[in-house]
> 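I am attaching a structure below and will ask some questions about it afterwards.
Side chains included, hydrogens not; waters and symmetry mates left out as well; all remaining heavy atoms used.
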Amino acid sequence: MAAEKKSERGIRIAIDRGGTFTDCVGNPGTGKMEDDILIKLLSVDPANYDDAPLEGIRRLLSKFTGKEIPRGEPLDTSQIESIRMGTTVATNALLERKGEDIALVVTKGFKDCLEIGNQSRPNIFALDIQKPEVLYKKVVEIDERVTLEDYAEDPERHETKAEPIEKAGANAELVRGLSGEAVRILQRPSEDKIRSQLQEVYDSGLRSIAVCLMHGYTYPNHEALIGRVAKEIGFEHVSLSHQLMPMIKLVPRATSACADAYLTPAIKKYIAGFVAGFEGGLGTESVKRESGSKGARCEFMQSDGGLVDVDIFSGLRAILSGPAGGVVGYALTSYDPQTKIPVIGFDMGGTSTDVSRYGSGRYDHVFETTTAGVTIQSPQLDINTVAAGGGSRLFFRNGLFVVGPESASAHPGPACYRKGGPLTITDANLFLGRLLPDFFPKIFGKNEDEGLDAEASEKLFKELTAQINKEVAGEDKEKEKSLDEVAYGFIKIANETMTRPIRSLTEARGHDTSKHRLATFGGAGGQHAVAIAEALGISQILVHRYSSVLSAYGMALADVVDERQEPESKVWSGDTEVREYLQQKMKDLKSKSAATLKDQGFSEAQIHFEEYLNLRYRGTESALMVVKPSKEEAEKEFDGDDWEFGKAFVKQHEQEFGFTLPDRDIIVDDVRVRGIGKTFEGLEKTVDQQLKEVKPKDVANGEKRYSTRSVYFEGGRQETSIYKLEDLAVGDRIKGPAIIADGTQTIVVTPGASALLIDTHVVINIGESDGDNKVDTKEVDPIMLSVFAHRFMAIAEQMGRALQKTSVSTNVKERLDYSCALFDSDGGLVANAPHLPVHLGSMSTCVKKQAEIWKGKLKRGDVLVSNHPMYGGTHLPDITVITPAFSGENIVFYVASRAHHADIGGILPGSMPPHSRELFQEGAAIKSEKLVSEGHFNEKRITDLLFEEPGQWPGCSGTRCLADNINDLKAQVAANQKGINLISALIEEYGEDVVRFYMKNIQDNAELSVRNLLKEVSKRFEGQDLSAIDYMDDGSPIKLKVTIDAEKGEAVFDFEGTGPEVYGNINAPEAVTYSAIIYCLRCLISEDIPLNQGCLKPIHVKIPKKSFLSPSDNAAVVGGNVLTSQRVTDVVLLAFRACSASQGDCNNLTFGFGGTSFSSSSSSPSPERTETKGFGYYETIAGGSGAGPTWNGTSGVHTHMTNTRITDSEIFERRYPVILRGFGLRKGSGGKGAHHGGDGVVRDIEFRIPVQVSILSERRVYRPYGLEGGESAECGLNIWVRKVGKVDPKSDAANGERRKDEQQYRYINLGGKNTASMKPGERIIINTPGGGGWGKEGEESKAVKKQDPTHAWRKGSVAQRQQTAEASA
């Protein structure tokens, strides 16, 4: 009977509920494309229906059954085989912060962990730091604690044996966690105490909680206990972090648990309402219990590209539900497993442009992404928003064309939407004739029945063009731009803005962008696809016939997925014991996964598995999720062994990072299984099969044409044929210029390109571009200036990726602590990336100096190296490598890369000693040397400079990691070569004179921005004295007087009165002061301007010689870079009365043991050198930011000249022999005021073995100032909790003997700069300074909450990379 009933069912429905439109694709059960019915309706239309997906299903069922179903009647499911949906319910709840009110339950000492996050700030140039709000209403701290017994950096590799959790007794202090690591239980929680704490939360009205405890991923018992108690109390939703995603990292796991607790109730509410619209309900359970013929399968799309049964769909996995369908759609329709050509997905809609990549037959997943300010840890497709889509707003700012990131959003939308909206990309396309109002839905105007309003777009373009012509052309009519040129200029800049992150997505993973196809979808994709593909060197574009509803179509094709993952810590090896252990773990996960899928009605034959190990080299953080080799890959590469994960990892590491570490262990971090219930068997014919079989036939001019219209392309308007997609047949080929359109999409085929129709797609082949690149160098064209600004930045970014790919050190590879830049022939900075404030002014000082020294002496293939503070260096670990580029005999430009080397010798490992007095104590100092001579790498000379020479000084060692130094220097040389090749390609495209002309003019543009700023400031402070003074903790003053020439827009920054050079290490090379000034000016301009040499042209800086801001050759400078730079910033901002002081400090903490030591013996006149294996650790710690005229300060964040991230608490304890006793905000340390300053933090670290601990900090004496009546913030304080024996009271008190057997703790103030040998059980507690307040306390607050325009963007690997780079300073 059941079988009979099944055959009646057949209708399959797939739906994507987007922000603006809901797309529905229905099939009667034939599976044939020609039988599909497509429906597009508004997502919100309360006058006509309550729920768009339900309305779409009603309309589809009416069409399939041939009888009209009245609205509101429960839908009959007897003929439905399945319903599949993607929804934005979770994303919207997150964006609008309209989820469930929740509480976070966390380990004692970590209640502020999510407020501090990773301590970096999202926008390095914003003085009003805006961190995303946390999702919880309350925090509960549980008095419980576990830690890991062993540590990864242990040179002895000691491994503690322990019984597994289930076998160890209830009171065992040591157990083996789920990851195989030994876990020590330091404090068991009290069930009664938990019950009373949770009852209090329940009584306050909260019904949903998130639980995340330290090391809960490997020892889940305490979380499980809290979960049980919470259920007994009656909480409706409990999210336990170890169940959601058992991966190491406290902060992302806690955020994920919060997101799940916050969103799942909202999703459940929505689903309950949706399911109620069907007779007999929906989902696997409804099918199992089907009463008669009611109930039907219903699955929702998850962020990882797999479907899941409606009953187990959760908030955490729903965030990318909609866009994931699009990725599945293009992946399964555009990728051919035979030809294996990878595809870039380009999804341009009304409010966002998303890019992703699909290659080698598997989805690219990332495990940490940020959406709406919330960092999620769970497998998600690597989808990256790169622009605000058709709604990107257009601006002319500081002489440049700017597109986005601000968006007109869906309301009011673009100007042409008839709601009084601003000018956007959609308006530019409409104005240029690239968007056809006849084909656009008529849903605008008062009655929602009018088309697009072309006049509104034209009106605003006239206004903007008039403004541009006034600024650029003045009275000169010949220089004026036409409306067309302006509108097209914005299209060009939009395309440049989008191609940069697409390159980053592919190149950062080691793929060549030009070897891909571009699959474009979304309503606006077809208008930009050809230009984007040309810019990326891609020659073929695929536009699916369903491209405007591809997300919904993707749901129809997708598979049901069950993800399982467990943590691990084994060292990979080929021996049978490790293999069998991992295979058993994999087998257990597979059987759990199979059970879940069978429960949803899948047979054994339909279930497939993808098996993964998450692997990394010991001592690195870059783990790679490695899939089990396929049978054919194993035959070809690994002697038929398909469990050769180790070799597969090495191969993937080589491809992605460009090198391998053969002498390092490979660590298994996680075991993962992706169970797949197959529902999609592959298309009848792939794109490549169709292209082989199709017989192209050129469509004659005028044939099949719907109409013509005037459309603007490069160089002017052309009469362009317009075709309706449905009028064209398979095999028809149309030569550009042409537009192909249907009711949902517009495809622009530019001159030189052609479009070919096949069954499933429109295939666009890009020919030779016939646009000539002759650019005039008589006058500056603001459009070309904007294009070159992007091109120069893109070159610096690509150099950075090349450097990261070929380097080996953690600093460069993982912390991205480097800067790459290009310079004009005089050494003037043109562009650098990423923008590390401390490198901004100093790189060009270095290049200029070297250009002078070597003038006329350099040849092709020469490369220079320098790190000396007097030669433009900042501190010695930052080594700069400079390569000249020649045209004939002349140097036309320079490229340079600066990287932070982990060690370059000196008195302490890490080359950052807190108590250095002379430069030689800080390591190798290179003034000016050739690293490469005419292509030959001078390895002997660089070895002398880094290893032999520094080791000759008393008490000093040469570099402690010479091999890493040499590898990283070679990587810097390679990155420079990449930069030269890219600029050479640019010169080939435009000509040398044009490139040099715009190199100069981009600097002039920055100069103009700074001059305008100075004119504005002089008006604001007319007649006032712009001067300031502040002090270092040793009393050294930094004094500044700024004099502005209002007419010229020039300023003198005079530091006369600054203190003399110090016999210590807070001396700052002049380059540091220049960097601080550029940083402050950029913050004051508060708009994106090119950061280059031009910024400093209107500035004259006077620094008194022999002061500590212009020290002598041999002065120690390590504190100048990290401490004095912050005080210079405080002084500049004080002179401009911009904001109160931030913490003014980096709180540099180092600890470790080992390295080189020297001992002298009577038999040997020279001291003997001994090497001890050990480790070193370095971190900088956040504090409070200063308040300003319209903002409160932010707590627990890095400010000004630094933005480094803090190591996650769990990783910190895994890698080093420490217990983090607490890391939280230092309440009340920010200055009071109408706007309060941000609070500092308290970081309390206990050491488990003897280590040398050093602290290098400031603001321990002088408090961060408040302004306008605001109070100063609290100073910092460094405490050593020291073990001492108790004094025997019976002995003479004056020289009382200490008893070793009884210990007591003493709290000792270490001061700002100190080093101490700490014993096991001793602690350092660092209390960091707050930020100053603004305005008198009690006055009315004028604080304004700003929203970041990229708040709603999907931040996958591209954004993570950008943030990591900006957090490396």
Side-chain angles (χ1 to χ4, degrees), residues 106-114 116-119 141-160 162 173-188 212-223 241-242 246-254 377 567-569 616 618-621 623 667 669-670 810 1149-1153 1174-1179 1181 1205-1224 1241-1251 1253 1281 1318 1320-1326:
V106 72
T107 303
K108 186 177 173 182
F110 295 90
K111 71 172 191 299
D112 301 316
C113 67
L114 296 192
I116 299 168
N118 64 17
Q119 79 177 9
E141 286 190 292
I142 301 290
D143 191 5
E144 68 79 44
R145 191 66 158 86
V146 306
T147 190
L148 303 180
E149 185 66 1
D150 303 319
Y151 66 103
E153 294 293 322
D154 180 359
E156 301 300 315
R157 303 272 181 265
H158 176 74
E159 218 174 287
T160 306
E173 287 187 7
L174 264 179
V175 300
R176 192 169 86 225
L178 301 180
S179 60
E181 293 163 291
V183 177
R184 179 167 291 282
I185 290 115
L186 300 169
Q187 174 72 45
R188 292 182 192 281
C212 185
L213 304 180
M214 275 289 279
H215 303 293
Y217 69 94
T218 185
Y219 183 77
N221 294 24
H222 293 174
E223 281 192 9
S241 81
H242 73 272
M247 277 182 104
I248 190 167
K249 277 197 187 177
L250 178 75
V251 170
R253 210 174 62 250
Q377 200 180 35
E568 190 40 73
S569 61
R616 65 184 165 84
R618 188 188 290 280
T620 71
E621 286 300 309
I667 309 286
D669 270 348
D670 303 276
T810 306
L1149 174 75
T1150 47
F1151 63 80
F1153 73 89
F1175 70 85
Y1177 172 73
Y1178 169 65
E1179 71 179 18
I1181 306 166
R1205 296 174 171 192
I1206 197 91
T1207 305
D1208 186 86
S1209 305
E1210 289 178 345
I1211 299 251
F1212 188 45
E1213 291 190 5
R1214 174 188 262 184
R1215 287 187 83 159
Y1216 303 100
V1218 295
I1219 298 172
L1220 188 59
R1221 287 291 176 188
F1223 184 35
V1241 303
V1242 181
R1243 191 159 171 85
D1244 183 346
I1245 303 168
E1246 178 182 324
F1247 299 100
R1248 302 182 66 192
I1249 65 167
V1251 284
V1253 183
V1281 181
M1318 298 201 185
E1322 296 191 338
R1323 289 150 55 203
I1324 186 167
I1325 304 174
I1326 298 160

> Are Lys108 and Glu144 packed together at the side-chain level, in the sense that at least one heavy-atom pair is separated by less than 4.5 angstrom?
no
> So, does Glu1246 use its side chain to make a donor-acceptor pair with the main chain of Arg1221 at under 3.5 Å?
no
> Set out, in order, the CA-CA distance, both residues' side-chain angles and the distance that settles side-chain contact (heavy atoms from CB on, under 4.5 Å) for Glu568 and Asp670, then state yes or no.
CA-CA 5 Å; Glu568 190 40 73; Asp670 303 276; 5.8 Å; no
> How close do Asp154 and Arg157 get, heavy atom to heavy atom, and via which atoms?
O-NH1, 2.8 Å
> Of the non-hydrogen atoms in Arg618 and Ala152, which two are nearest, and what is the gap between them?
NH1-O, 3.8 Å
> Side-chain contact test, heavy atoms from C-beta onward, threshold under 4.5 Å: evaluate it for Val1281 versus Ile1325 and give yes or no.
yes
> If I take atom NE2 from residue His158 and atom OG1 from residue Thr160, how far apart are they, to the nearest 0.5 angstrom?
3.5 Å
> Looking at every non-hydrogen atom in both residues, tell me the closest pair between Ala182 and Asp150 and how far apart they are.
CB-OD2, 4.4 Å
> Whether Glu1179 and Arg1215 form a salt bridge (side-chain N of Lys/Arg under 4.0 Å from carboxylate O of Asp/Glu) is what I want to check.
no
> Does the Ser569 side chain pair with the main chain of Ser179, one donor and one acceptor, at a distance under 3.5 Å?
yes
> What's the spacing between Cys212 SG and Leu114 CG if we round to 0.5 Å?
8.0 Å
> Would you sort out whether His215 and Glu181 count as a side-chain hydrogen bond (donor to acceptor under 3.5 Å, both in side chains), showing the intermediate values?
CA-CA 11 Å; His215 303 293; Glu181 293 163 291; over 6 Å; no
> What are the two closest heavy atoms between Glu1213 and Val1218, and how far apart are they?
CG-O, 3.6 Å
> Please assess Ile1249 against Phe1153 for the test side-chain contact (heavy atoms from CB on, under 4.5 Å), listing each intermediate value before the final yes or no.
CA-CA 10 Å; Ile1249 65 167; Phe1153 73 89; 3.7 Å; yes
> Drop me the distance from Thr107's OG1 to His222's NE2, to the nearest 0.5 angstrom.
9.5 Å
> Can you tell if the side chain of Val183 reaches within under 4.5 Å of the side chain of Leu148, non-hydrogen atoms only?
yes
> Can you tell if the side chain of Ile185 reaches within under 4.5 Å of the side chain of Tyr219, non-hydrogen atoms only?
yes
> Output, in order, the C-alpha distance, side-chain angles, deciding distance and verdict of side-chain contact (heavy atoms from CB on, under 4.5 Å) for Phe110 and Leu1220.
CA-CA 10 Å; Phe110 295 90; Leu1220 188 59; 3.8 Å; yes
> Nearest 0.5 Å, please: how far is CZ in Arg1323 from CD1 in Ile1219?
10.0 Å
> Ignoring hydrogens, what is the shortest heavy-atom contact between Arg253 and Gly216? Give both atom names and the distance.
NH2-N, 3.4 Å
> Are Asp1208 and Pro252 close enough that some pair of their side-chain heavy atoms sits under 4.5 Å apart?
yes
> Any side-chain heavy atom of Leu1149 within less than 4.5 Å of one from Val1253?
yes
> For the backbone of Gly109 and the side chain of Glu141, can you confirm whether one donor and one acceptor N or O come within less than 3.5 Å of each other?
yes
> So does Gln187 have more than 12 non-hydrogen atoms from other groups sitting under 6.0 Å from CD?
yes
> State whether the side chain of Thr218 and the backbone N or O of Leu178 hold a donor-acceptor pair below 3.5 Å, judged by distance alone.
yes
> If you define the side chain from C-beta out and look only at heavy atoms, does anything of Met214 sit under 4.5 Å from Leu250?
yes
> So Tyr1177 and Phe1151, would you call those rings parallel, tilted or perpendicular, with 30° and 60° as cut-offs?
tilted
> How about Tyr151 and Tyr1216: are their ring centroids closer than 6.0 Å?
no
> Can you see which heavy atom on Glu1210 is nearest to which on Leu213, and at what distance?
OE2-O, 3.7 Å
> Between the side chains of Arg176 and Glu149, is the shortest nitrogen-to-carboxylate-oxygen separation below 4.0 Å, so that they form an ion pair?
no
> Under the side-chain contact (heavy atoms from CB on, under 4.5 Å) rule, what do Ile1181 and Val1241 come out as? Steps first, then yes or no, please.
CA-CA 8 Å; Ile1181 306 166; Val1241 303; 3.6 Å; yes
> side-chain hydrogen bond (donor to acceptor under 3.5 Å, both in side chains) for Ser241 and Glu223? Distances and angles first, verdict last.
CA-CA 8 Å; Ser241 81; Glu223 281 192 9; 2.7 Å; yes
> Using a 4.5 Å cut-off on heavy atoms from C-beta on, say whether the side chain of Lys249 contacts that of Val251.
no
> Kindly indicate whether a cation-pi arrangement holds for Arg1214 with Tyr217, taking the cut-offs as under 6.0 Å to the six-membered ring centre and within 45° of the axis.
no
